[in-house]
Amino acid sequence: MEDIFEYCLKKIYVLMLAEYGHQGWWPLLKLSQSPLKKSWKDGYHPGDYSYPRDEFQTFEIWVGAVLTQNTSWTHAQKALENLDRLDLLLAEKLASVKPEHLSGAIRCSGYFNQKSRRLKRLAEFFLALRSQKPTRRELLKLKGIGQETADSILLYAHHRPYFVVDAYTIRIVNRVFGLDLKKYDDVADLFYQAYLSEGFENRVRIFNEYHALLVRHAKQFCSRSPRCPTCFLRFLCRHG
DNA sequence: AACCAGGACGTGA
DNA sequence: TCACGTCATGGT
């Protein structure tokens, strides 16, 4: 008996990769400002999974993961640039500054009161780890770190095989399979099952690319008002 | 001028 | 468990 979910999810991955190419997540400030990258469609460091390359980039991903909560990456990136300009993208600095001082820099990413307080606590935790990897349980105990943010940090900052489920992922999965899943774990489990037989490193690479591709596809075709007629996944999607 | 963007959390039923 | 209100700015 064939697993229809496994078959479709694997096929979708291959097709999206062929269509869009490597997305080069996670977007890092230094690489996003490169002249090679003219728009979000160009990718960041496509096919290169060696990032983050130091503790500073690791922490940058942690902060970015919080800043982008319920906000476009454009605005989160602007907030990151503001922090960087103020030399606050360092855990030591961020942990010691007053939250009110952060609010100005990150205002453009929304929820600046909550986020500035939560970023401080996050920085403190980052320092307490002393270069060790966090566990999912530890991250989830922090205020403001939910499942998606935790998994983003674990996958993109620490190369651990967690699948990141966001609003885009849920929308695409529900449309493709004609479902109405709402729970994070229900959606994530589909992907874990599909790639159960893959090795650790392969899962890290695939989950990294898969999530980035889903974001790309949700923006380009599977938006709130989907562009089904021209979608290249139409033939295997219940919605189209 | 609503509506939404790479969520998380607290609350009451 | 689940649906809903809240937090907040900026682009379309």
Side-chain angles (χ1 to χ4, degrees), chain A residues 13 16 20 22-29 31-32 37 39-45 51 60-83 99-100 102-122 125 134 136-157 162-175 179-189 191 207-227:
Chain A
Y13 175 78
M16 288 197 300
Y20 300 125
H22 294 270
Q23 299 301 294
W25 275 40
W26 181 275
L28 287 163
L29 233 41
L31 301 160
S32 303
K37 181 177 161 41
S39 82
W40 59 272
K41 290 179 183 171
D42 295 334
Y44 303 94
H45 41 91
Y51 294 93
E60 182 185 325
I61 295 175
W62 282 44
V63 175
V66 169
L67 288 175
T68 196
Q69 286 172 358
N70 205 33
T71 313
S72 67
W73 179 253
T74 310
H75 292 144
Q77 180 174 323
K78 225 169 274 177
L80 270 179
E81 287 166 356
N82 292 339
L83 291 175
E100 307 87 66
L102 284 179
S103 302
I106 68 170
R107 181 176 53 222
C108 60
S109 69
Y111 310 119
F112 56 87
N113 282 317
Q114 313 189 66
K115 283 179 179 175
S116 49
R117 274 182 268 116
R118 292 168 178 182
L119 281 175
K120 265 201 60 129
R121 303 301 306 275
L122 192 67
F125 175 64
R136 191 171 197 267
R137 193 178 297 278
E138 287 171 334
L139 288 170
L140 289 176
K141 276 193 293 190
L142 300 171
K143 295 298 178 204
I145 311 295
Q147 298 187 91
E148 183 190 338
T149 307
D151 288 339
S152 293
I153 289 172
L154 291 164
L155 177 65
Y156 290 105
Y162 288 95
F163 199 93
V164 177
V165 174
D166 62 359
Y168 292 155
T169 312
I170 295 176
R171 184 164 73 206
I172 292 175
V173 162
N174 281 334
R175 279 180 182 162
L179 300 173
D180 188 27
L181 300 179
K182 293 180 172 66
K183 283 188 281 191
Y184 189 97
D185 291 324
D186 289 345
V187 178
D189 283 342
F191 293 91
F207 291 172
N208 174 320
E209 203 63 67
Y210 209 143
H211 174 69
L213 287 166
L214 285 172
V215 171
R216 175 73 182 272
H217 189 64
K219 286 177 175 170
Q220 201 149 336
F221 287 99
C222 210
S223 45
R224 183 161 288 274
S225 316
R227 308 169 50 190

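These numbers come from the heavy atoms of this one structure, side chains and all, not from hydrogens, waters or symmetry mates. Being a predicted model, the structure only gives us computed values, none of them experimental. The sequence lines fix the lettering, A, B, ..., with proteins before strands; numbering per chain opens at 1.
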Need one value for [X]: base, sugar-phosphate or nothing, where a base atom within 4.0 Å counts as base even if backbone is also close, heavy atoms only.
X: A:Arg171; value: sugar-phosphate
X: A:Thr149; value: sugar-phosphate
X: A:Gln114; value: base
X: A:Leu214; value: nothing
X: A:Gly110; value: base
X: A:Leu142; value: sugar-phosphate
X: A:Lys115; value: nothing

*asked:* I'd like to know whether CZ of A:Arg107 has more than 12 heavy-atom contacts from other residues, nucleotides or ligands below 6.0 angstrom.
replied: no
_Strictly below 4.0 Å: does A:Lys183 bring a side-chain N or O up to OP1 or OP2 of C:dT1?_
no
*Look at A:Asn70 and B:dC4 and indicate whether a side-chain polar atom (N or O) is within less than 4.0 Å of OP1 or OP2.*
no
Please give, in whole Å, the distance from [N] [atom2] to [X] [atom1]?
X: A:Ile145; N: B:dC9; atom1: CD1; atom2: P; result: 8 Å
X: A:Asp185; N: C:dT1; atom1: CG; atom2: P; result: 11 Å
X: A:His75; N: C:dC7; atom1: NE2; atom2: P; result: 20 Å
X: A:Gln77; N: C:dG10; atom1: CD; atom2: C1'; result: 15 Å
X: A:Lys182; N: C:dT1; atom1: NZ; atom2: P; result: 16 Å
X: A:Lys78; N: B:dA5; atom1: NZ; atom2: P; result: 17 Å
X: A:Arg107; N: B:dA5; atom1: CZ; atom2: P; result: 23 Å
X: A:Asp180; N: C:dA3; atom1: CG; atom2: C1'; result: 13 Å

Quick one: which of [options] gets closest to the side chain of [X]?
X: A:Phe112; options: C:dT9, C:dC7, B:dA8; value: C:dT9
X: A:Arg224; options: C:dG10, B:dC4, B:dG10; value: B:dC4
X: A:Gln69; options: B:dA8, B:dA5, C:dA8; value: B:dA8

*Looking at the rings of A:Phe191 and A:Phe207, which for Trp means the six-membered one, are their centres under 6.0 Å apart?*
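No, the ring centres sit 6.0 Å or more apart.
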_Residue whose closest nucleotide on DNA chain B lies nearer the 5' end, A:Gly144 versus A:Thr71_ = A:Thr71
*Any idea which heavy atoms bring A:Gly144 and A:Arg118 closest together, and the distance?*
CA-CD, 3.5 Å
*Would you call the rings of A:Tyr20 and A:His217 parallel, tilted or perpendicular, where under 30° means parallel and over 60° means perpendicular?*
tilted
_Evaluate A:Glu148 against A:Val164 for side chain to side chain contact (heavy atoms under 4.5 Å, CB included), listing each step before the verdict._
CA-CA 6 Å; A:Glu148 183 190 338; A:Val164 177; 3.7 Å; yes
